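Working notes, beginning with the structure itself.
As the structure is a prediction and not an experimental result, all values here were calculated from the model. Just so you know, residue 1 is the first one in the sequence shown, and it goes up from there.
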Amino acid sequence: MTPELEATLKRLPDRPGVYLMKDARGDVLYVGKAQSLRHRVRSYWQKGTPAGEVHRIRSVIDRVADVEVTEVDSVSEALLLEANLIKRFKPRFNVRLKDDKSYPYIKVTLADDFPRVERTRKLVNDGSRYFGPYASATSVDESMNLVRRLFPFRTCTIDIRDGERALQRPCLLFHIKRCQGPCIEAISKADYRADIEQVELFLEGRQETLVKALRREMSAASDRQEYERAATQRDKIRAIERTMESQKMAAFARTELDLVGMARQDNQAAMTLFIIRDGKMIGRDVYLLDAAREATDAEVLASFLEQYYARATSIPREIYVPAGVTDTDDLQTFLVEKRGGPVHLRTPQRGEKRDLMELAGRNAAETLAREQARWLADHGKTLAALEELAAALELPGAPFRIECYDISNFQGAESVGSMVVFEDGKPRTGEYRRFRIRTVEGPNDVASHQEVLRRRFRATKSGEEGSEEERRWAMPDLVIVDGGKPQVNAAKGVMDELGLHDLPLAGLAKEREELFLPGRSEPVVLPPTSSALYLVQRLRDEAHRFAITYHRTLRDRRTVRSAFDDLPGVGPKRKRELLKVFGSIKRVREAPVEQIAAVPGISRALAERIKATLEA
């Protein structure tokens with residue numbers, strides 16, 4: 001700690017506020033909020049305080065050269081300011097929503113005599129009412145198109161004042177019944193405002209309230225023999241009811257709640273938000289976040305809730321989340337103040353809300369998988385990643401074919417190896433291979449890697465050993481093994497043994513995401529935002545997934561074998577019949593010989609041998 005930083009820490013106030021940690025160049029590394037700036041910021045340099053975000057950003061503390069603070073009057077104000085600063089500076093060590101620009105809203109210009117309904121990305125305190133934020137422009141367009149079909153509000157930007165005729169002739173929208181013509185005084189201010197109130201009810205998700213109001217208007221118009229207006233209201237009711245039918249029924253009576261599902265992979269997270277009003281789901285949006293690997297699920301969830309509801313224009317009474325969040329009291333205080341009423345954060349344990357939470361989680365996971373697949377499908381980014389990786393590892397050119405290897409076992413049992421292949425930055429699943437470890441006893445990753453690499457490259461190198469398929473395998477431009485120096489040095493020994501001295505080789509260590517090269521003491525560290533780092537992480541994760549899937553399959557087979565396959569005279573067919581009748585080895589052991597002999601394919605003599613074996 002520099003003397004200047006030490007002096008800054010001593011002067012910190014014991015008040016709520018926001019702090020910015022900066023490096024020597026003045027770049028913002030981390031933004032945080034605190035009930036007490038003095039206690040929170042100083043805690044980062046104190047030992048024995050590994051809780052929450054303090055533990056998460058320990059690795060960055062040594063790079064902090066200055067701390068800048070802003071005092072506020074309450075934690076709620078600090079939370080709002082923190083969300084704005086995270087959006088502005090995009091610090092690496094914060095969890096942040098991935099939005100290059102502001103999220104869109106629907107704006108109702110209530111300050112105008114004849115309000116307009118329009119899209120916007122700016123929240124301005126100009127007397128207008130805002131609905132959102134929406135996750136994408138597509139979501140806004142869908143809502144806007146639906147509202148426009150139901151309610152013919154004006155879309156022009158001309159100045160229209162009550163009692164003044166703005167135009168001599170209306171535009172085409174008036175003639176096709178998409179506008180009520182306030183510009184030619186075809187509708188009064190009071191009637192137009194009544195329609196805008198219906199738009200607000202619809203955007204709030206209060207369709208049932210809106211339908212009741214429209215039915216009253218339809219009945220009144222019919223009593224006055226204004227049949228054309230009554231027919232218009234009838235058509236609106238039918239359209240709204242069709243919309244209500246298409247919404248997923250949540251069967252929560254008339255409750256209003258938001259429900260959040262979460263999925264994470266590497267340094268990314270996806271949040272699915274289900275918006276439920278009057279017992280019906282009226283909105284579903286998915287938000288992507290940059291989330292540091294060190295951050296816990298509770299921290300990621302809390303950061304999303306803070307940043308989303310800092311911008312949200314509607315906060316329900318209940319918010320359901322998949323797990324507990326950090327700084328719950330501060331977050332709840334902020335939500336209560338913004339809503340102007342009680343807000344409860346809950347985690348459903350059973351029932352329909354729990355089922356809907358699982359559905360939201362699956363939606364988030366699918367979105368995250370699509371996002372990562374889309375990244376890999378982008379050839380420009382993939383080529384840049386390969387070139388960046390080649391430069392970092394000093395390869396002669398971009399590695400077209402990369403093979404990655406991983407080992408999986410449980411306490412040394414059922415050890416397996418996996419080989420995954422990426423060509424041109426994309427998975428070649430048809431060339432993935434699995435290896436059952438034959439010569440290594442116990443949990444020895446180094447020796448297991450050596451066995452896998454020998455079996456893979458000996459056939460290709462010699463052209464004699466191995467199957468015909470193995471001899472046709474193409475040589476890779478780069479080999480990556482999961483692990484650090486011991487694994488990469490062992491792999492290098494195998495390559496030298498097989499005469500593959502020039503085959504590029506690297507080891508990817510999980511802990512700090514460092515690349516180790518043979519014969520070099522210092523690892524290669526790729527920038528955390530590097531596309532090359534993302535590519536090698538994807539390779540490593542795919543190899544791990546492929547290995548662990550095979551390992552679990554073998555382990556499950558062994559579990560079943562220990563129960564049935566050692567019975568004398570019992571093959572696969574008889575085993576299936578025993579499982580079909582008894583369901584478990586325990587019930588076979590407890591059954592009398594006569595009952596066992598009644599199983600198809602089991603004789604009396606075989607039943608007696610099975611019984612004797614189990615009782616022994």
Side-chain angles (χ1 to χ4, degrees), residues 52 76 79 83 95-97 103 131-136 139 143 203-208 244 246-265 268-289 291 295-368:
S76 295
L79 195 148
V95 175
R96 62 184 187 274
L97 285 169
Y103 283 110
F131 296 87
Y134 292 82
S136 66
S139 302
S143 298
L203 292 174
E204 289 172 358
R206 297 166 60 188
Q207 287 98 330
E208 289 184 353
M244 292 165 62
S246 68
Q247 293 167 343
K248 177 180 174 65
M249 295 302 296
F252 298 147
R254 295 186 178 277
T255 56
E256 295 188 358
L257 60 92
D258 287 353
L259 188 142
V260 181
M262 179 173 69
R264 291 186 67 187
Q265 187 171 350
Q268 288 189 318
M271 300 288 178
T272 298
L273 177 67
F274 287 164
I275 302 172
I276 299 168
R277 300 292 182 267
D278 287 336
K280 292 174 288 297
M281 186 183 299
I282 67 165
R284 171 199 171 278
D285 281 324
V286 181
Y287 299 84
L288 296 171
L289 299 93
T296 64
D297 287 353
E299 291 169 347
V300 173
L301 186 57
S303 295
F304 167 74
L305 295 175
E306 291 170 2
Q307 294 177 62
Y308 174 81
Y309 287 109
R311 311 174 187 191
T313 58
S314 173
I315 299 177
R317 184 185 183 91
E318 293 182 308
I319 300 172
Y320 283 82
V321 295
V325 299
T326 57
D327 295 331
T328 305
D329 293 340
D330 292 347
L331 177 59
Q332 201 144 8
T333 300
F334 162 72
L335 294 172
V336 168
E337 289 184 8
K338 188 165 185 183
R339 182 176 184 268
V343 178
H344 303 286
L345 290 171
R346 307 184 191 280
T347 300
Q349 302 298 326
R350 62 183 67 86
E352 293 167 333
K353 293 187 180 70
R354 178 67 182 177
D355 294 341
L356 199 60
M357 178 69 69
E358 292 176 354
L359 176 63
R362 290 198 298 272
N363 274 260
E366 290 170 2
T367 300
L368 197 56

Taking all non-hydrogen atoms of both residues into account, name the closest pair between [X] and [Y] and its distance.
X	Y	value
A263	G361	CB-O, 4.3 Å
T296	R264	C-NH1, 3.4 Å
H344	Q332	CA-NE2, 3.5 Å

Rounded at 0.5 Å granularity, tell me how far [atom1] in [X] sits from [atom2] in [Y].
X	Y	atom1	atom2	answer
D285	N363	CG	CG	11.5 Å
L368	M271	CG	CE	10.5 Å
L331	L79	CG	CG	6.5 Å
I319	L335	CD1	CG	5.0 Å
M357	T272	CE	OG1	10.5 Å
I275	D258	CD1	CG	5.5 Å

In a check of side chain to side chain contact (heavy atoms under 4.5 Å, CB included) between P322 and each of T347, L259, D297, L301, which one passes?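 Of all the options given, the one that passes is L301.
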Test ring pair (Phe, Tyr, Trp, His ring centres under 6.0 Å) applied to Y308 - qualifying residues, sequence neighbours left out: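 By the ring pair (Phe, Tyr, Trp, His ring centres under 6.0 Å) rule, Y308 matches Y287, F304.
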Does F131 have any ring pair (Phe, Tyr, Trp, His ring centres under 6.0 Å) partners at least two apart in sequence or in another chain, and if so, which?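 So F131 forms no ring pair (Phe, Tyr, Trp, His ring centres under 6.0 Å) with any residue.
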side-chain contact (heavy atoms from CB on, under 4.5 Å), that's the test. Do K353 and L257 meet it? Break it down for me. CA-CA 10 Å; K353 293 187 180 70; L257 60 92; 3.9 Å; yes
Is L356 close to Y320 at the side-chain level, that is, under 4.5 Å between some pair of heavy atoms?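 When only atoms from C-beta onward are counted, L356 and Y320 do not touch, as no gap falls below 4.5 Å.
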Sub-4.5 Å side-chain heavy-atom contact between V336 and I315: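 No. Closest side-chain heavy atoms not under 4.5 Å.
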Would you confirm whether R362, through its side chain, and A365, through its main-chain N or O, come within 3.5 Å as a donor-acceptor pair?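 Checked: no pair found.
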Residues that E358 engages under salt bridge (charged side-chain N to carboxylate O under 4.0 Å, His left out), provided they are two or more places apart: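 So E358 forms a salt bridge (charged side-chain N to carboxylate O under 4.0 Å, His left out) with R354.
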Holding to salt bridge (charged side-chain N to carboxylate O under 4.0 Å, His left out), I want the full list of residues that pass it with R317, two or more places apart in sequence or in another chain.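 Counting only residues at least two positions away or on another chain, R317 forms no salt bridge (charged side-chain N to carboxylate O under 4.0 Å, His left out).
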S76: what forms a side-chain contact (heavy atoms from CB on, under 4.5 Å) with it, not counting sequence neighbours?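 Testing S76 for side-chain contact (heavy atoms from CB on, under 4.5 Å), a comparison that skips the adjacent residues, returns S74, T333, F334, E337.
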I'd like to check the side-chain contact (heavy atoms from CB on, under 4.5 Å) partners of A83; sequence neighbours left out, ordered by chain and number.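 With neighbours one apart ignored, the set is Q307, A310.
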